[in-house]
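Reviewing the structure listed below.
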Amino acid sequence: MGNKVKTAISPTREEDYPMWYQEVVKASEMAEKSSVRGCMVIRPWGYTLWENMVAILDAEFKETGVKNAYFPLFIPLSYLEKEAEHVEGFAKECAVVTHHKLEQGPNGGLVPAGELAEPLIVRPTSETIIGESMSRWVSSYRDLPVLINQWANVVRWEMRTRIFLRTSEFLWQEGHTAHATEEEARQRTSMMLDVYTKFVEECLAMPVVKGRKSESERFPGAVDTTCIEAMMQDKKALQAGTSHFLGQNFAKGSDIRFQDADGKDQFAWTTSWGVSTRMIGGMIMTHGDDDGVIMPPRVAPAHVVLLPIFRNDEEKKDVMEYVNSLAGELRQILYHDRKIVVEIDERDTGGARGWEWIKKGIPVRAEIGPKDVEKNAVFAARRDRTPKEKSSIARSDFINGMVEMLDEIQATLFKRAKDFKDSNTHQIDDKNKFYDFYKSKEGIHGGFVMAHWCESLDCEAKIKEDLSVTIRCIPFDSPEESGKCIYCGGKSQKRVLFAKAY
RNA sequence: CGGGAUGUGGCUCAGUCUGGUAGAGCACAGCGUUCGGGACGCUGGGGUCGGAGGUUCGAAUCCUCUCAUCCCGACCA
C-alpha cells in the first residue's frame, strides 16, 4: 500500500474510469445487469432514488399545468411511419412484436404462433401514438393547449449498453404538448428545459450547459432540439435532458388540426421533452469518488444511517434505546418537503457495515456506542468528506443541525462539480491546439472546448471523424462575437460547445 | 452483419495441451476470539464443469453440432 490510500472501489477513477463506474453501480447496490441482454434490474437503493427524482419532477410539471396520462406500450408500425425523419431515426433500434401467442413446438419448446396482421413496435418514444390521440381531442383553438406527460418505460434496441447510461429498456418521462401558435410552443419548449435545469442543478447538484443542438444532433423530426449538457469526471459530456420544438411536423403526420378564432383550419404546434434513468448514471459520474457513490441529499434514498456499536446484550439494550429515540426525532424533521429518512443498521458485521454505507453514498453516517450514550452525543461522518473524518457531536446539535448539514453537503457537491466543469472548459481558437487538446485516445483527458464554428455540417462531421469530438450544443449564453471556424477558418458569430460525449 | 475470445459452486478464476467421475480465493452459515471496526481462527453448506450428440472401460478434459455472453469493427448517443 505504501502511502496510497485504500479505496473501497477498485479500479479507481484514475486507473480505469469505465470500469470504476461499473463497480460503483454494483457496489452501491443501485442496479445490476439482468440476464436479459441490455436490460437492467434497478434495486431498491437505486429505485428509491428514482422515485425521489420522479416525485420532485412530477410536482414541477404539474405546477406548469401539465397532467399525467398513459398511452399504449405497443405502437402500430404504420404510426411510426407518419413522420419521415422520425422513422429513419428510430427504425434501426425497434423491438417488433409479430405474434400474439405461443404454441408447443416440435421439440417440446414453445414457438411463436398467430402472426399479427400488422406488427406492433414497442415504443421507443411516443410522439406518434400520443399524436393520434391528440388529433381526436383537438378540433378548436379552445381545446388548446394540450399538456400531457407520461411516466413510462421505453425500448431502444441498443448495440452496446451501459447500465443507466444506455440500456435497451429504460424508464423515463415524456411530455407532449400541442399549441395554437408557434410562439407558445417555443415558450413551452424552453419552459420545460428550465424545469430540467433547475432540477438537475438544485436537486442532483449537477451544473449544466443549456443550449440548442446542431442539425446533426437533433431529435428525428424536430425543428429544434434544446438540451442540458453536464460534464462527467472523465471530462466527457452527458446529455441530462432534452426539450424539443417539433414545429408542425408531427401535427401534420398525426393530423392534429384545429379551427382558429377566425374559423381557419390550422395545424397545431407541438413539443416533447424528456429525462430518463440516464440521469442517475450522470449523477454517479458527477459526484462519485473512489469509495463509491455520493448521493446528493435532496434526492438521496436515505439521509442518515445510524450504526449502533455494542459488545453484549446489556450494551445493546442501552444503545438501541438511544438509537431508536434519536431516529424517531430525526424522522420528524422536514428537509425540503420530505421527512428525513433514517436507516438503522444493527447488523454485527464489523467495519464492513460502515463501508457499505459509504459505497452507497448515504450523506450522513453516525456511529453510536456506549460512550456516546453516556455523553449524550453521536460520532458522525459526512459522505462529502474523507471516511476517516468523524467527530463527536452533541445529540441536540446533531438533530438541530441536520437540515443545515444536508444543505451544506448538497452545496459542496454542486460547487465541487461546478469548479471541475469550469476548470475543464477552455476557449480554443487554433485548430492545431484544438486537435492536440483532444488527441490522446486513452484515459481521462480533454474536456469542454468553446470554439467557433461556421455552422457547416461538413466541418462538424470532419471533427467527429478525426477526434470523436462532437458539438454538444450551441449554448444559449454564448455571446455574439466574430471569429473563425475552428476547422475551416470560415466566418462564425458564436462559440459552440465541443466535447466527447456519452 | 464481419473479426477475435470465453462459457467450471453466488462472484473471480485454476484444472483442459499430457482423458481416470472437481479445486482455490472471495462471499455465505455456525461457533469462538476480537472490534468505535472494511479483523482472525476453526467447522460447514453449495458446483457434475453452457447444451446436445459422438469417441472411449472411463470425458470438465478429445471430436461434431448448438446456444449464450464478452471485446473490436459496423451502427447508435
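Letters A, B, ... mirror the listed sequences (proteins, then strands); counts begin at 1. Just so it is clear, the model here is predicted, and its values are computed rather than measured. Scope of the values below: all heavy atoms of this structure, side chains included, with no hydrogens, waters or symmetry mates.
Of the candidate nucleotides B:G36, B:C76, B:C1, B:C76 has the atom nearest to the side chain of A:Glu93. Set against B:C75, B:C76, B:G38, the side chain of A:Glu158 has B:C76 as its closest nucleotide. Nearest nucleotide to the A:Arg166 side chain, out of B:G38, B:A77, B:A74: B:A77.
Applying the Watson-Crick and G-U wobble criteria (two distances, each under 3.5 Å), B:C1 pairs with B:G73. Using the Watson-Crick or G-U wobble rule with both distances under 3.5 Å, B:U21 pairs with nothing in any strand shown. Across all strands shown, B:C28 pairs with B:G44; the Watson-Crick or G-U wobble distances both stay below 3.5 Å. Across all strands shown, B:G51 is found opposite B:C65 as a Watson-Crick or G-U wobble partner, with both distances under 3.5 Å. Searching all strands for a Watson-Crick or G-U wobble partner of B:G58 with both distances below 3.5 Å returns nothing. B:U33 is paired with B:A39 under the Watson-Crick or G-U wobble criterion, all donor-acceptor distances under 3.5 Å.
Nucleic acid contact for A:Glu367: base, since at least one base atom lies under 4.0 Å from a heavy atom of the residue. Looking at heavy-atom distances under 4.0 Å, A:Gly354 makes no contact with the nucleic acid at all. Note on A:Asp372: a base of the nucleic acid sits closer than 4.0 angstrom, heavy atoms only. Residue A:Arg278 is classed as a sugar-phosphate contact, given heavy-atom separations below 4.0 Å to backbone atoms only. Across all strands shown, A:Pro370 has heavy atoms under 4.0 Å from base atoms, whether or not it also approaches the sugar-phosphate.
Annotation: side chain to side chain contact (heavy atoms under 4.5 Å, CB included) contacts of A:Ser325 (sequence neighbours excluded): A:Arg395. For A:Ala84, the side chain to side chain contact (heavy atoms under 4.5 Å, CB included) criterion is met by no residue, not counting sequence neighbours. Applying the salt bridge (charged side-chain N to carboxylate O under 4.0 Å, His left out) test to A:Glu201 and every residue at least two apart in sequence or in another chain returns nothing. Taking A:Lys359 as the reference, A:Ala8, A:Ile9, A:Ala27 meet the side chain to side chain contact (heavy atoms under 4.5 Å, CB included) condition, with sequence neighbours excluded. Under the side chain to side chain contact (heavy atoms under 4.5 Å, CB included) criterion, A:Asp16 pairs with A:Pro11, A:Pro18, A:Met19, not counting sequence neighbours. Considering only residues two or more places apart in sequence or on other chains, A:Lys388 meets the salt bridge (charged side-chain N to carboxylate O under 4.0 Å, His left out) condition with none of them. Residues meeting the salt bridge (charged side-chain N to carboxylate O under 4.0 Å, His left out) test with A:Lys82, sequence neighbours left out: none.
Remark: C1' of B:A77 and CD1 of A:Ile471 are 15 Å apart, rounded to the nearest angstrom. Rounded to whole Å, atom C1' of B:C26 lies 15 Å from atom CD of A:Glu356. Distance A:Met279 CE to B:A77 P: 20 Å, rounded to the nearest Å. In this entry the distance linking CZ of A:Arg311 with C1' of B:U33 reads 13 Å, nearest Å. Between A:Glu374 atom CD and B:G36 atom P the separation is 15 Å, expressed in whole Å. A:Arg162 has its CZ atom 19 Å from the P atom of B:C76, to the nearest Å. The interatomic distance linking A:Lys464 (NZ) with B:A74 (P) rounds to 11 Å, in whole Å. If you measure from atom CZ of A:Arg353 to atom P of B:C35, you get 15 Å, rounded to the nearest angstrom.
B:U66 sits 24 Å from B:C72 when the C1' atoms are compared, rounded to a whole Å. With both ends at atom P, the span from B:A29 to B:G15 equals 31 Å, rounded to whole Å. Rounded to the nearest Å, the gap between the P atom of B:G9 and that of B:A5 is 23 Å. Nucleotides B:G58 and B:G20 place their C1' atoms 6 Å apart, quoted to the nearest Å. Taking atom P on both B:U43 and B:C57, the two are 42 Å apart, rounded to the nearest angstrom. Taking atom P in both B:G51 and B:A59, one finds a spacing of 15 Å when rounded to whole Å. For the C1' atom pair drawn from B:A74 and B:U16, the interatomic distance equals 35 Å after rounding to whole Å. As rounded to the nearest Å, B:C49 and B:A22 have P atoms that lie 11 Å from one another.
Aromatic ring orientation, A:Tyr435 versus A:Tyr487: tilted (interplanar angle from 30° to 60°).
Remark: A:Lys236 is positioned above the aromatic ring of A:Tyr502, its terminal NZ or CZ atom under 6.0 angstrom from the ring centre and at most 45 degrees off the axis.
Atom CG of A:Asp313 has 12 or fewer heavy atoms from other residues, nucleotides or ligands within 6.0 Å.
Using a cut-off of 4.0 Å between Lys/Arg side-chain N and Asp/Glu carboxylate O, A:Glu85 and A:Arg218 are scored as not salt-bridged.
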Could you list, one pair per line, each protein nitrogen or oxygen that sits under 3.5 Å from a nitrogen or oxygen of nucleotides 67-71 of chain B, together with the distance?
none

Between N or O atoms, less than 3.5 Å apart, protein on one side and nucleotides 5-13 of chain B on the other: list the pairs.
none

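Mapping A:Lys371 and A:Lys92 onto RNA chain B by nearest heavy atom places A:Lys371 at the nucleotide closer to the 5' end.
Checked against the 6.0 Å centroid threshold, A:Phe71 and A:His176 do not count as a close aromatic pair.
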